[in-house]
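Order of the sequence lines fixes the chain letters, A, B, ..., with proteins taken first and strands second; residue numbering starts at 1 for each chain. Quick caveat, the model's predicted, so the values are computed rather than measured.
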Number of protein chains: 2
Amino acid sequence: MNGKEYTENNILKNEVEDDVVDPWNVVSKSETGVDYDKLLKRFGSSRIDSELLERFAIVTGKPNHHFLRRGIFFSHRDMNSILNNFESGKPFYLYTGRGPSSSSMHLGHLIPFIFCKWLQDVFNVPLIIQLTDDEKSLWKDIDIEEANKLAYENARDIIAVGFDVEKTFIFSDLEYIGQCPNFYKNMVRIQKCVTFNQVKGIFGFGDSDVIGKISFPAVQATPCLSTSFPHIFENKKIPCLIPCAIDQDPYFRMTRDVAPRIGFQKPALLHSVFFPALQGPKTKMSASDPNSTIFLNDTPKQLKNKINKHAFSGGRTTIEEHRQFGGNCDIDVSYQYLKFFLEDDEKLEQIRKDYSSGALLTGELKKILIETLTPILQQHQERRNKVTDQVLKQFMTPRKLNYNL
Amino acid sequence: MNGKEYTENNILKNEVEDDVVDPWNVVSKSETGVDYDKLLKRFGSSRIDSELLERFAIVTGKPNHHFLRRGIFFSHRDMNSILNNFESGKPFYLYTGRGPSSSSMHLGHLIPFIFCKWLQDVFNVPLIIQLTDDEKSLWKDIDIEEANKLAYENARDIIAVGFDVEKTFIFSDLEYIGQCPNFYKNMVRIQKCVTFNQVKGIFGFGDSDVIGKISFPAVQATPCLSTSFPHIFENKKIPCLIPCAIDQDPYFRMTRDVAPRIGFQKPALLHSVFFPALQGPKTKMSASDPNSTIFLNDTPKQLKNKINKHAFSGGRTTIEEHRQFGGNCDIDVSYQYLKFFLEDDEKLEQIRKDYSSGALLTGELKKILIETLTPILQQHQERRNKVTDQVLKQFMTPRKLNYNL
């Protein structure tokens, strides 16, 4: 390890040589997308290697999720310590979040939640989901009420993923911070340990940024402290595991710096790659650009049109060329999406071979993707429609969860 | 008005030519203390002149409090608009606060509360008292629990001033922010309107300050928005009047800048002079220096000793000289304290004359002060002892107050 590159918190936004990766922007210069090897080195996290994958399977006694097998979750911090905990029967909890920026979530937003559901199932642990409506109001041109409404809309999408209400607490910052004195107390504890210089270095904030943005990282850090949820963890200090896309890592590098100074364990992390925009892996899917995005409430027709019209193809210009030279799965968005959503490994491998050889045409690949995603969206929509106001309220009410500490 | 001097928010800490006056420091170069004329000009507030004093008396139908008559509250912002409101039967509320830094408050801390009690009595309005235990934990080397405990201790002293429990709400930030979603929502609204550049200019914050300090001004600003107290004001927007020592003005200059941008009226202010340290008017009384301070829980003996030993004298070196040339009331701390605590105008004027002429010696003046303060402290202590846990809880429980909006 050679100094600078590996120091957790000295990664200035402006120092980035290639890809821009921070909580607000993901832009790669390469058509194959972000160089995750470099990112891993730059962020100083650890690769999820075959050894860890094996241990995962042994400890859980379950086959690894395809997100793990396929390197979609590819990086971690302190995952071994979480597995040690689990093996010796000690508790931990999952924490992830969502910045509610549109009334419907998109396909990419599902990734951490699908994975959290699997983790919750195999480890049988509580899951905390933070909806950062305060953040969205600070960063976007939307007011508090609008941001809070979006939080509720997103919560419906999240619940539709299938979480166990007995083990899951979903909260809006704008509401829960005003419901739990322990949360605000922990926020202040964290805010006391982080200087403007530090958030400037980690997040690239400047003098003309509003003080709400400058202090927000403490809000996202606070759920890493289990005492922020006394209704769930009483006043016990329980370790925390955060599955998230790797652009959120800066928040938790900061938290890992602070936690031991205020008597808590550093949170562990599992990092995923980004879910590519329809236009290609240079950027991630973003709710603010509808053309780049498949929303969870898209109709089958919208889905079909978007994929056929916008999904960037790794195929050749003519059928003849394609048959002769084959397509490029590394940049083909339809193939990439199948890696996320087609669970059958053999089928996926066959598609990869056929597309690479030219046996499978872009139109045919897109058709497979449409056939894969259509039932996923439809089933999601059906489940979302079943999320009554009462169910929503149940998930979002601070309460005891069904879990022995 | 000539530009710079009068702009509400451009007063850099470092630009101060003479006296240092900010929420954390009051140091004057002059032995007569802070030059309030200059400060008034520098802060751009308005003098409480004879015209306003007259109007005060007419509108309330009561003789003005001696703090008003004697220029102890000497400066204001928009007080006329509050009086207009009151005259036309429209509601307003009082807001003041306390940063709990020691378990007993001192004599100087009483000033805004004594005045608030009078204002509450003559205007018959609700009073909100914010205990900024979060601030104290951020600025001092005390943890959250300790700061919160001090808030409760200070609340006992404040209640002992004699507030009407039906019209007064006292709260600790560390608790109330976690009890009222509206408060945090308003905090975020304010934090969205203030940049780091602004708090740097107003409060002198720097890059190495922690983000808790940087965002704190929004916490002190939030009680200026009546919707932060839905249990009292429902969701109505009610104007706010803040009686405070003038060193707190920077917070409210900032708030006055923000309030109209988020749909609220600017808070009005009544500013007091500082309560001098025992060592003289160059600095204000401070709980962190016990020798400079008369605590509200001092015994009669401690009080007597402190005044006799430490109270800075404006008298001459020898009795002969004093008899011949007289003492200087402008710098004599005992006389200054009598201005605050001896209500009888005639008696005070006689003392001033006698001390200035040399007829009254320093020892005699100190004796009068001791005789004036001893019963005040004793009565305060008696009232404080009567503040049961139940009474304390009642004042600090978010609840409806007895007031028609």
Relative to chain B, which of Cys193(A), Ser172(A), Ser208(A) shows the most heavy atom pairs under 4.5 Å? Ser208(A)

Does anything in residues 130-143 of chain A pair up under salt bridge (Lys or Arg N to Asp or Glu O under 4.0 Å), and if so which pairs, sequence neighbours excluded? none

Name the orientation class of the two ring planes belonging to Trp24(B) and Tyr251(B) (parallel below 30°, tilted from 30 to 60°, perpendicular beyond 60°). perpendicular

For chain A, which residues of residues 215-231 of chain B have heavy atoms nearer than 4.5 angstrom: Ser215(B), Ala218(B), Val219(B)

Residue, of Ile211(A), Thr195(A), Val210(A), that accumulates the most heavy atom pairs under 4.5 Å with chain B: Ile211(A)

Look at Glu153(A) together with Arg98(A) and state whether they make a salt bridge at an N to O cut-off of under 4.0 Å. no

Using atom types as modelled, flag every donor-acceptor pair under 3.5 Å from a side chain in residues 391-399 of chain B to any protein atom, sequence neighbours excluded.
| from | atom 1 | to | atom 2 | distance (Å) |
| --- | --- | --- | --- | --- |
| Thr397(B) | OG1 | Lys393(B) | O | 2.5 |
| Arg399(B) | NE | Gln394(B) | O | 3.3 |
| Arg399(B) | NH1 | Gln394(B) | O | 3.1 |
| Arg399(B) | NH1 | Phe395(B) | O | 3.1 |
| Arg399(B) | NH1 | Thr397(B) | O | 2.9 |
| Arg399(B) | NH2 | Val165(B) | O | 2.7 |
| Arg399(B) | NH2 | Thr168(B) | O | 2.6 |

Closest-packed option against chain B by number of heavy-atom pairs under 4.5 Å, given Asn148(A), Asp173(A), Leu174(A), Val188(A): Leu174(A)

Run the ring pair (Phe, Tyr, Trp, His ring centres under 6.0 Å) test against Phe233(A) and tell me which residues pass, sequence neighbours left out. Tyr93(A)

Out of curiosity, Ile129(B) CD1 to Thr96(B) OG1, how far, rounded to the nearest 0.5 Å? 7.0 Å

At a heavy-atom distance under 4.5 Å, which candidate from Pro181(A), Ser137(A), Gly206(A) has the highest pair count against chain B? Pro181(A)

Parallel, tilted or perpendicular: which describes the rings of Phe171(A) and Tyr176(A), with under 30° parallel and over 60° perpendicular? tilted

Where do Tyr152(A) and Glu175(A) come nearest, in terms of heavy atoms and distance? OH-OE1, 2.7 Å

Quick check on Val199(B) against chain A: is it the side chain, the backbone, both or neither that has a heavy atom closer than 4.5 Å? side chain

